[in-house]
Amino acid sequence: MTPNQPAPKLPHHADPVEEAVDIFNAVIAGFIAERGVTGLRFPKEIIWCGGAPGSGKGTNTPFILRERGITASPIVTSDLLAEPEMQRLKDGGNLVGDRDVVRLLYQRLLDPQYINGVLVDGFPRTRVQVECVKLLHHKMLELRTEMRATENAALFPKPSFHIVILYVEEKESIERQMKRGRQALAYNQRVAETGVGASIDERLTDLNIESARKRYKVFMEQTYPVLLSLKQVFHFHIINAQGELSAVERNIIQEFQYQSSLELDDATYDVLHHIPLASEIVQNARQHLVRRLDGYQRDHANLFHRVVDVIDHDFVPVVTLHAITGLAKITSENELFADPLAISMLVDVFNERGYRATATVEARDIPTRLDPATNYIICVKRPRYRFEIRFSGSVIRRGG
């Protein structure tokens with residue numbers, strides 16, 4: 001192509017789905033040519049995070065990452081657009097379109113540092129970008145199936161996509177944008193006066209109420225609806241980011257509670273799901289404890305009373321002695337505990353009284369005689385019973 005020849009036009013698509021397919025296929029084909037199919041190792045977990053201006057993405061992103069156990073830094077779409085490659089496009093008078101954004105973002109997602117998980121801030125924003133997210137998920141599932149019977153199967157786990165929207169009302173969004181603008185102006189003024197530090201960017205939209213209002217409306221009218229279209233496809237979280245930071249963090253914790261059926265591989269979940277959840281067991285623990293204690297009194301009264309006597313005479317004095325520390329460790333050789341039911345009774349009695357009791361049984365060798373023919377020491381095994389009784393210890397308050 002000579003300098004005087006016009007650049008070839010990209011195909012025009014009236015349908016955003018068709019445009020997304022065209023973009024996605026071209027981008028993926030380029031990566032396969034560079035890396036091969038096995039080089040398409042995208043992150044196992046991707047959190048696609050969006051929100052209106054002032055919704056606190058920068059503030060809340062670190063907490064979301066901690067909650068999900070993701071250690072890699074987030075990928076911020078606006079930062080990608082500021083990179084040299086994108087800047088050269090803009091300097092050449094070209095618009096940065098969905099094709100460029102998708103290619104650069106997917107290239108970054110293939111960075112090994114993101115293999116276990118990543119949060120993407122500010123993508124998707126358009127219908128075409130939304131379709132590209134769906135296509136990426138489908139491609140990852142396709143690769144997983146393709147690699148399942150190969151030595152690379154472990155490199156292509158089940159993908160997990162989360163759509164996160166931090167929501168604030170218009171009034172809150174505008175107030176936060178204007179506050180951010182005032183803080184930027186004040187900071188830059190201090191830098192100018194003291195010569196200490198580097199100035200930061202001042203967003204023009206943070207300095208004008210109408211501009212801040214327009215940014216909010218653009219998000220709610222253009223970006224929010226396309227994000228909602230993913231609600232039926234992926235894990236979807238709308239987080240109330242309106243209140244204090246502590247309240248927002250509680251909302252995030254609640255939204256991202258672990259669900260094994262969504263996060264484990266299907267085959268793994270099929271093996272494990274019959275084991276009851278701890279929350280289910282704990283929920284009925286008190287009722288089960290009451291039934292057991294009543295059953296001891298009703299069906300094994302003699303043994304039950306003997307266990308209570310041992311608790312009164314041998315255990316309570318030791319527990320009382322350790323009232324400050326809140327932990328009593330007791331070793332017993334009482335033959336009463338040779339009956340496992342007696343151990344269960346003791347643990348249940350303490351638990352009913354508000355302690356946290358556990359028991360273990362040890363077998364130790366006791367020398368009994370010397371074999372005259374071999375000079376070997378003959379031992380017998382005798383049990384020893386160890387109990388730990390935990391409770392809230394006393395707090396000593398000093399006046400001076």
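All heavy atoms count here, side chains included; hydrogens, waters and symmetry mates do not. Because the structure is a prediction, the values reported are computed rather than measured.
- Centroid-to-centroid, the aromatic rings of His162 and Phe256 come within less than 6.0 Å.
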Given the rule in the side-chain contact (heavy atoms from CB on, under 4.5 Å) test, do Asn152 and Phe156 qualify, once you have shown the distances and angles that lead to the verdict? CA-CA 7 Å; Asn152 294 312; Phe156 294 87; 4.3 Å; yes
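- With values rounded to the nearest 0.5 angstrom, Gln107 atom CD is found 10.0 Å from Leu105 atom CG.
- We find that Glu175 and Lys171 are joined by a salt bridge, their nearest charged nitrogen and carboxylate oxygen being less than 4.0 Å apart.
- A donor-acceptor contact shorter than 3.5 Å links the side chain of Asn60 to the backbone of Gly56.
- The aromatic rings of Phe123 and Trp48 sit tilted relative to each other, their planes meeting at an angle between 30° and 60°.
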For Glu45 and Asn116, run side chain to side chain donor-acceptor pair (under 3.5 Å): C-alpha distance rounded to whole Å, both residues' side-chain angles, the deciding distance at 0.1 Å, then the answer. CA-CA 6 Å; Glu45 177 175 354; Asn116 292 321; over 6 Å; no
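- For the atom pair CZ of Arg68 and OG of Ser160, the computed distance is 6.0 Å after rounding to the nearest 0.5 Å.
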Show your reasoning for whether side chain to side chain donor-acceptor pair (under 3.5 Å) applies to Arg386 and Thr331. CA-CA 4 Å; Arg386 294 187 181 275; Thr331 301; 3.0 Å; yes
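- For an aromatic pair to be called close, the ring centres must be under 6.0 Å apart, and Phe387 with Phe315 satisfies this.
- Using a 4.0 Å cut-off between charged side-chain N and carboxylate O, Lys179 and Asp206 make no salt bridge.
- Linking Ile, Leu, Val, Met, Phe, Trp and Tyr whenever their side-chain heavy atoms come within less than 4.5 Å leaves Tyr296 and Val290 in two separate clusters.
- Of all heavy-atom pairs spanning Leu65 and Pro74, the tightest one is CD1-CD, 3.9 Å.
- Atoms CD1 and CZ, on Ile28 and Arg35 in that order, are 10.0 Å from each other to the nearest 0.5 Å.
- Partners of Thr374 under the side chain to side chain contact (heavy atoms under 4.5 Å, CB included) rule, at least two apart in sequence or in another chain, are Asp371, Tyr376.
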Applying side-chain contact (heavy atoms from CB on, under 4.5 Å) to Ile163 and His235, what does each step give before you reach the verdict? CA-CA 6 Å; Ile163 309 300; His235 310 323; over 6 Å; no
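- Nearest heavy-atom pair across Ala241 and Ser55 is CB-O, 3.4 Å.
- Using a 4.5 Å heavy-atom cutoff, the side chains of Leu143 and Lys139 are in contact.
- Tyr216 and Val218 sit in two unconnected hydrophobic clusters of ILVMFWY residues. Membership requires side-chain heavy atoms under 4.5 Å apart, directly or through other members.
- Between Arg382 and Glu333 there is no salt bridge, since none of the side-chain N atoms of the basic residue sits less than 4.0 Å from a carboxylate O of the acidic one.
- Leu109 has its side chain within reach of Leu136: a pair of non-hydrogen atoms, C-beta onward, lies under 4.5 Å apart.
- The CG atom of Asn351 sits 8.0 Å away from atom CZ of Arg292, with the distance rounded to the nearest 0.5 Å.
- Hydrophobic clustering (side-chain heavy atoms under 4.5 Å, transitive across Ile, Leu, Val, Met, Phe, Trp, Tyr) keeps Ile70 apart from Ile115.
- Taking all atoms of both residues into account, the shortest heavy-atom contact from Val248 to Gly243 is CG2-O, 3.8 Å.
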CA sep, side-chain torsions, deciding dist, call: Glu169, Ser173, side chain to side chain donor-acceptor pair (under 3.5 Å): CA-CA 6 Å; Glu169 296 175 350; Ser173 171; over 6 Å; no
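- Shown here for Ala357 and Phe350, the closest heavy-atom pair between the two residues is CB-CB, 3.7 Å.
- Here the side chains of Arg99 and Asp22 are in contact, with some heavy-atom distance below 4.5 Å.
- A salt bridge links Arg176 to Glu172: one of the charged nitrogens lies within less than 4.0 Å of a carboxylate oxygen.
- Within the structure, the salt bridge (Lys or Arg N to Asp or Glu O under 4.0 Å) test picks out no pair touching residues 223-244 (sequence neighbours left out).
- The pair Glu193-Arg190 fails the salt-bridge criterion, with no side-chain N (NZ, NE, NH1 or NH2) lying under 4.0 Å from an Asp/Glu carboxylate O.
- Cluster annotation: Ile46 and Leu141 are assigned to distinct hydrophobic clusters (Ile/Leu/Val/Met/Phe/Trp/Tyr, side-chain heavy-atom contacts under 4.5 Å, transitive).
- Under the side chain to side chain contact (heavy atoms under 4.5 Å, CB included) test applied with Pro124, the options Val226, Thr77, Val101, Leu230 reduce to a single match, Leu230.
- Annotation: cation-pi geometry not satisfied between Arg353 and Tyr355 (NZ/CZ under 6.0 angstrom from ring centroid, within 45° of ring axis).
- In terms of heavy atoms, Ala342 sits closest to Leu336 at CB-O, 3.5 Å.
- Note: His288 NE2 to Asp348 CG = 12.0 Å, rounded to the nearest 0.5 Å.
- The aromatic rings of His137 and Phe234 lie perpendicular to each other, with more than 60° between the two planes, well past the 30° mark.
- Two residues are said to be in side-chain contact when any heavy atoms from C-beta on lie closer than 4.5 Å; Cys49 and Lys57 meet this criterion.
- By the 4.5 Å heavy-atom criterion applied to side chains, Ile75 and Val118 are counted as neighbours.
- Across all non-hydrogen atoms, the minimal contact from Val164 to Ile239 is CG1-CD1, 3.9 Å.
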